[in-house]
There are 2 protein chains.
Amino acid sequence: MAFKIAALDKLIEELGHLPGLGEKTAQRLAFHILKSHMDLAGRLSQSLLDVKMQVHACPECFSYTDKDICSQCADPMREKKLLCVVEDPADILRIEESVSFTGRYHVLQGVLSPLDGIGPDQIRLKELENRVDQYGVKEVILALDADLEGDATSLYINKLLKPKGVRVTRLAQGVPIGGNLDYVDHRTLGRALENRVEL
Amino acid sequence: MAFKIAALDKLIEELGHLPGLGEKTAQRLAFHILKSHMDLAGRLSQSLLDVKMQVHACPECFSYTDKDICSQCADPMREKKLLCVVEDPADILRIEESVSFTGRYHVLQGVLSPLDGIGPDQIRLKELENRVDQYGVKEVILALDADLEGDATSLYINKLLKPKGVRVTRLAQGVPIGGNLDYVDHRTLGRALENRVEL
């Protein structure tokens with residue numbers, strides 16, 4: 001149900017377009033913004049424009065940056081011959097948090113999904129191939145989601161890069177650390193059994 | 001962990017100030033906005049400013065409006081002698097959805113909460129009294145939250161208006177429709193027993 005106040009209904013509608021925000025949440029946020037000091041709305045409004053004006057894809061790895069090249073690609077300490085392939089720039093944040101990776105990233109900006117019309121030319125595969133050739137990359141780690149599209153994309157990249165003599169690996173799959181076996185699904189458990197390691 | 005891109009980190013911070021949005025959600029929303037067409041950010045940005053510029057409190061009932069007076073107060077079909085007192089304009093939406101109320105509203109813009117320094121002068125009690133006197137209101141229905149502050153505010157208003165010969169009522173408390181007794185807390189169940197009605 002709408003409030004019949006044009007500007008308020010419009011804000012609720014716009015907030016509702018954001019992923020994961022239902023109508024109730026959008027209403028709650030809109031009322032919070034109305035109740036708050038003008039500053040909150042003004043700063044948020046400006047931030048939205050700034051982010052779109054200032055942030056763009058890194059021409060090298062296709063992560064986000066507000067410079068000519070992103071901080072990872074500009075870092076001379078990072079190995080050029082080790083690439084980690086991710087779907088989205090947000091995934092880089094997760095991997096950086098693990099503090100286990102010293103190479104560079106390559107953002108595909110998507111995964112293969114024929115049903116959605118996303119083929120090899122719609123994601124940054126050509127650019128990945130070019131980087132592998134240009135820098136003589138030795139290993140490519142595939143850090144894609146463990147779903148159908150992620151698996152298909154991993155297989156495709158393996159086929160693409162194997163003939164070049166590149167080592168293609170992917171993230172280990174198994175029981176999460178701190179995970180309770182009761183709550184692990186049977187496919188994950190099957191994979192964990194299959195890939196068991198010697199103590 | 002921050003992305004070290006000033007505009008992006010700023011947007012994540014601003015989104016994180018909204019109620020109920022944690023850091024992860026704020027990140028997810030910021031990345032969605034970055035990925036989307038410029039239009040989405042632009043429209044949302046404009047909506048935020050519009051809502052603050054165009055929407056203000058109705059001088060009569062203190063709900064929100066973008067006109068001189070809100071649509072409920074301007075509606076001649078609504079009874080002037082029946083007032084429903086709510087804490088926030090958002091509550092009006094909930095009551096309107098029930099399609100059971102034909103009177104007018106009065107928004108307190110808060111409830112009594114001595115711990116937060118909110119006394120009778122910080123909420124719209126004086127204005128409520130004025131409306132009751134001016135229109136000869138016959139009944140005031142208190143639709144406040146069923147918590148400590150809501151109860152205290154209800155008692156205060158009762159004491160304020162009873163001497164004027166106004167009927168002061170509040171929403172019935174009991175088992176929610178469709179509710180499972182297993183999941184109803186014992187205080188609600190106690191209240192439902194106390195206020196049981198003849199079939």
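Owing to the predicted nature of the structure, the values given are computational and were not obtained by experimental measurement. Throughout, protein chains are lettered first and strands after them, A, B, ... in sequence-line order, and every chain is numbered starting at 1. Hydrogens, waters and symmetry mates play no part in the numbers below; they use all other heavy atoms, side chains included.
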Side-chain donor-acceptor distances from residues 76-86 of chain B under 3.5 Å, at least two apart:
unit_1 : atom_1 : unit_2  : atom_2 : d
R78(B) : NH1    : G103(B) : O      : 2.6
R78(B) : NH2    : E96(B)  : OE1    : 2.7
R78(B) : NH2    : E96(B)  : OE2    : 2.8
E79(B) : OE2    : T102(B) : OG1    : 3.0
K81(B) : NZ     : Y135(B) : O      : 3.2

Taking every non-hydrogen pair under 4.5 Å, which of A6(A), A30(A), P89(A) racks up the most with chain B? P89(A)
Quick check for you: to the nearest 0.5 Å, what is the distance between F31(B) atom CZ and D91(A) atom CG? 9.0 Å
How many angstroms lie between CG in L21(B) and CG in L21(A), if you round to the nearest 0.5 Å? 6.5 Å
When rounded to the nearest 0.5 angstrom, what is the spacing between NZ in K24(B) and CG in L93(A)? 8.5 Å
Should V140(B) and V111(B) be counted in the same cluster of Ile, Leu, Val, Met, Phe, Trp and Tyr side chains packed under 4.5 Å apart? yes
Quick one: CG on L18(A) to CZ on R28(B), what's the gap to the nearest 0.5 Å? 9.5 Å
Among the clusters formed by ILVMFWY side chains lying less than 4.5 Å apart, do I12(B) and L40(A) turn up in the same one? yes
If a pair satisfies ring-ring contact (aromatic ring centres under 6.0 Å, His included) and one of its residues is in residues 140-160 of chain A, list it, with sequence neighbours excluded. none
Acceptor/donor pairs from residues 165-177 of chain A side chains to any protein atom, 3.5 angstrom cut, sequence neighbours excluded:
unit_1  : atom_1 : unit_2  : atom_2 : d
R167(A) : NH1    : E139(A) : OE1    : 3.2
T169(A) : OG1    : E139(A) : OE2    : 2.9
Q173(A) : OE1    : R191(A) : NH1    : 2.2

Using non-hydrogen atoms only, which part of H32(B) is less than 4.5 Å away from chain A: side chain, backbone, both, or neither? side chain
Cut-off 4.5 Å, heavy atoms of chain A, and the answer for L15(B) is both
Among R94(A), H17(A), K10(A), who wins on heavy-atom pairs under 4.5 Å with chain B? R94(A)
Flag if over 12 foreign heavy atoms under 6.0 Å of CG, L189(B): yes
Spell out, yes or no, whether I92(B) and L8(A) are grouped together once hydrophobic residues are joined by side-chain heavy atoms under 4.5 Å, including indirect joins. no
Residues of residues 42-73 of chain B near chain A, each having a heavy atom less than 4.5 Å away: G42(B), R43(B), L44(B), S45(B), S47(B), L48(B), L49(B), D50(B), V51(B), K52(B), M53(B), Q54(B), V55(B), S63(B), Y64(B), T65(B), D66(B)
Assigning hydrophobic clusters by single linkage (Ile, Leu, Val, Met, Phe, Trp, Tyr; side-chain heavy-atom cutoff under 4.5 Å), is L128(A) placed with I118(A)? yes
Give the cluster check for L29(B) versus L29(A): same hydrophobic cluster or not, with ILVMFWY residues linked at side-chain heavy-atom distances below 4.5 Å. yes
Do D88(A) and K35(B) touch side chain to side chain, with heavy atoms closer than 4.5 Å? yes
